[in-house]
Asker: 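If you scroll down you'll find the structure; I have some questions about it.
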Amino acid sequence: MQFRTTGLLLLGAMALAASGTAQTPGAPPAIARTVIAATKLRSVTDVPVHFKAVSVTLQPGERSSVSAANGILYQISGSAEVAIDGETKMLNAGEGLFIAGGKAAVLTAGSGGSSTFLHFFLAPTADLDRPAEKAPAIVRELYRTASPIPDLKPGSYDLNLTRVTFPAQMPSNPPHHRSGAALYFILSGTGANTIDGKIEARGPGSLIYEPYDLVHQWGNPGNEPLIFLAFNINPEGVAAVLPGAPAKNQ
């Protein structure tokens with residue numbers, strides 16, 4: 001009888017422990033970041049530079065070429081073969097590639113359907129109106145900065161395209177600014193962008209420019225993940241995102 005009572009007490013304690021474990025909330029989902037393509041630039045202050053973004057579509061088997069400023073491709077749908085200096089790379093949806101300024105690249109759409117991709121440029125002012133991909137490609141300009149990216153300092157910079165995922169119901173992060181600058185393109189979901197205390201919803205297809213002195217916040221109040229691309233430039237060895245507002249003497 002004593003053995004049975006002890007066993008029942010032990011089982012009860014185990015059940016309570018299991019119940020307590022089940023009720024303990026887990027850690028919130030983390031922000032996921034995937035670098036799609038990246039490079040280092042020895043200098044970005046020789047001439048004023050802008051951000052520019054275009055959308056490009058090729059029909060199956062069509063071929064186009066481009067020779068422009070430093071930029072990064074991001075494949076949205078379909079596939080494309082990119083040939084540079086005798087080397088080829090096949091891009092599938094969600095993949096990207098850096099193309100150095102002045103390099104001639106030949107792009108051929110895959111046979112499985114139309115090929116659509118984004119091309120982000122870090123373009124000198126003199127090259128802003130320079131055509132991107134050539135016909136038969138259908139090119140649509142999505143965005144360009146109205147003025148050169150401000151307050152870039154001498155020295156080397158990191159240039160990258162990163163895909164970022166904010167989990168659902170993520171509160172706004174603390175106020176912060178960029179050490180260089182960034183251009184966002186929202187792929188899916190709707191983000192809450194806070195600037196000067198004003199919150200604005202940003203949905204798929206939105207492009208948001210963040211110069212270094214823009215103090216802002218991002219959150220995801222929705223029930224689905226917020227996924228966006230960040231075309232980012234920052235001084236080498238310096239974090240891309242810094243807390244609070246920039247120093248007054250920056």
Side-chain angles (χ1 to χ4, degrees), residues 28-38 50-57 71-80 91-98 114-123 132-133 138-146 149 158-234 239-242:
I31 297 172
R33 293 180 173 86
T34 302
V35 177
I36 303 300
H50 297 247
F51 281 145
K52 179 180 175 180
V54 301
S55 170
V56 183
T57 300
I72 295 178
L73 299 179
Y74 181 82
Q75 193 73 30
I76 294 288
S77 62
S79 62
L91 295 183
N92 296 303
E95 298 177 336
L97 180 69
F98 169 72
S114 61
S115 174
T116 300
F117 53 90
L118 302 176
H119 200 158
F120 296 89
F121 295 100
L122 183 69
E133 280 72 9
I138 299 173
V139 181
R140 181 167 61 95
E141 183 171 316
L142 302 176
Y143 185 86
R144 67 168 67 185
T145 50
I149 299 172
D158 291 320
L159 180 69
N160 65 75
L161 184 69
T162 300
R163 184 171 56 241
V164 184
T165 301
F166 281 5
Q169 300 293 317
M170 190 192 89
S172 292
N173 50 23
H176 58 277
H177 70 282
R178 291 273 167 181
S179 62
L183 179 62
Y184 283 13
F185 180 89
I186 295 183
L187 294 169
S188 63
T190 300
N193 185 210
T194 304
I195 300 174
D196 292 333
K198 297 179 181 179
I199 302 175
E200 185 172 351
R202 301 286 195 168
S206 298
L207 286 121
I208 303 96
Y209 170 50
E210 297 181 348
Y212 97 97
D213 58 352
L214 180 70
V215 181
H216 58 282
Q217 297 169 263
W218 278 98
N220 178 18
N223 294 320
E224 60 177 298
L226 169 66
I227 304 175
F228 60 90
L229 301 173
F231 184 53
N232 179 77
I233 183 170
N234 59 278
V241 174
L242 299 174

Asker: Taking only residues two or more places apart in sequence, or in another chain, which ones meet V164 in a side chain to side chain contact (heavy atoms under 4.5 Å, CB included)?
Answerer: I31, R33, T162, F166, F228
Asker: Applying side-chain hydrogen bond (donor to acceptor under 3.5 Å, both in side chains), can you list everything that pairs with T116, at least two apart in sequence or on another chain?
Answerer: T57
Asker: Applying side-chain hydrogen bond (donor to acceptor under 3.5 Å, both in side chains), name anything that partners E95, two or more places apart in sequence or on another chain.
Answerer: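 In terms of side-chain hydrogen bond (donor to acceptor under 3.5 Å, both in side chains), with neighbours along the sequence ignored, E95 is linked to no residue.
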Asker: In chain order, what residues pass the side-chain hydrogen bond (donor to acceptor under 3.5 Å, both in side chains) check against N223, with sequence neighbours excluded?
Answerer: Q169
Asker: Restricting to side chain to side chain contact (heavy atoms under 4.5 Å, CB included), what partner residues turn up for P171, sequence neighbours left out?
Answerer: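 None.
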Asker: Side chain to side chain contact (heavy atoms under 4.5 Å, CB included) with N234: which residues, sequence neighbours excluded?
Answerer: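 Side chain to side chain contact (heavy atoms under 4.5 Å, CB included) check on N234 returns D158, N160, S179, N232, A240.
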Asker: If the condition is side chain to side chain contact (heavy atoms under 4.5 Å, CB included), which residues does H176 pass it with, not counting sequence neighbours?
Answerer: N173, H216, V241
Asker: Can you sort out the partners of E224 under salt bridge (charged side-chain N to carboxylate O under 4.0 Å, His left out), two or more places apart, ordered by chain and number?
Answerer: none
Asker: Where do E133 and L73 come nearest, in terms of heavy atoms and distance?
Answerer: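 Result for this residue pair: OE2-CD2, 4.1 Å.
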Asker: Provide the closest heavy-atom pair for N220 versus A168 in the form atom of the first, atom of the second, distance.
Answerer: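 So the minimum-distance heavy-atom pair works out to ND2-CA, 3.4 Å.
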Asker: Go through the structure and list residues passing side-chain hydrogen bond (donor to acceptor under 3.5 Å, both in side chains) with S206, not counting sequence neighbours.
Answerer: none
Asker: Please set out all donor-acceptor pairs under 3.5 angstrom arising from side-chain atoms of residues 193-200, sequence neighbours excluded.
Answerer:
residue, atom, partner, partner atom, Å
N193, ND2, Q217, O, 3.2

Asker: If every non-hydrogen atom of A230 is compared with every non-hydrogen atom of Y184, which pair is closest and at what distance?
Answerer: CB-CE1, 3.7 Å
Asker: Going by salt bridge (charged side-chain N to carboxylate O under 4.0 Å, His left out), name the residues that satisfy it together with R144, two or more places apart in sequence or in a different chain.
Answerer: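 R144 satisfies salt bridge (charged side-chain N to carboxylate O under 4.0 Å, His left out) with D129, E141 only.
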Asker: Heavy atoms only: give me the nearest L161-Y74 pair and the separation to one decimal.
Answerer: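 That would be CD2-CB, 3.7 Å.
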Asker: Can you run down the salt bridge (Lys or Arg N to Asp or Glu O under 4.0 Å) pairs that involve residues 204-214, sequence neighbours left out, and say none if there aren't any?
Answerer: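 The answer is R178-E210.
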Asker: Show the nearest heavy-atom pair for residues A181 and Y209, with the distance to one decimal.
Answerer: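 It is CB-CE1, 4.4 Å.
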Asker: Testing the basics here: between P204 and G189, what is the closest heavy-atom pair and its distance to 0.1 Å?
Answerer: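 Smallest interatomic distance, heavy atoms only, reads CD-O, 3.3 Å.
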Asker: Would you confirm whether R163, through its side chain, and I36, through its main-chain N or O, come within 3.5 Å as a donor-acceptor pair?
Answerer: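 Side chain of R163 to backbone of I36: no pair is present.
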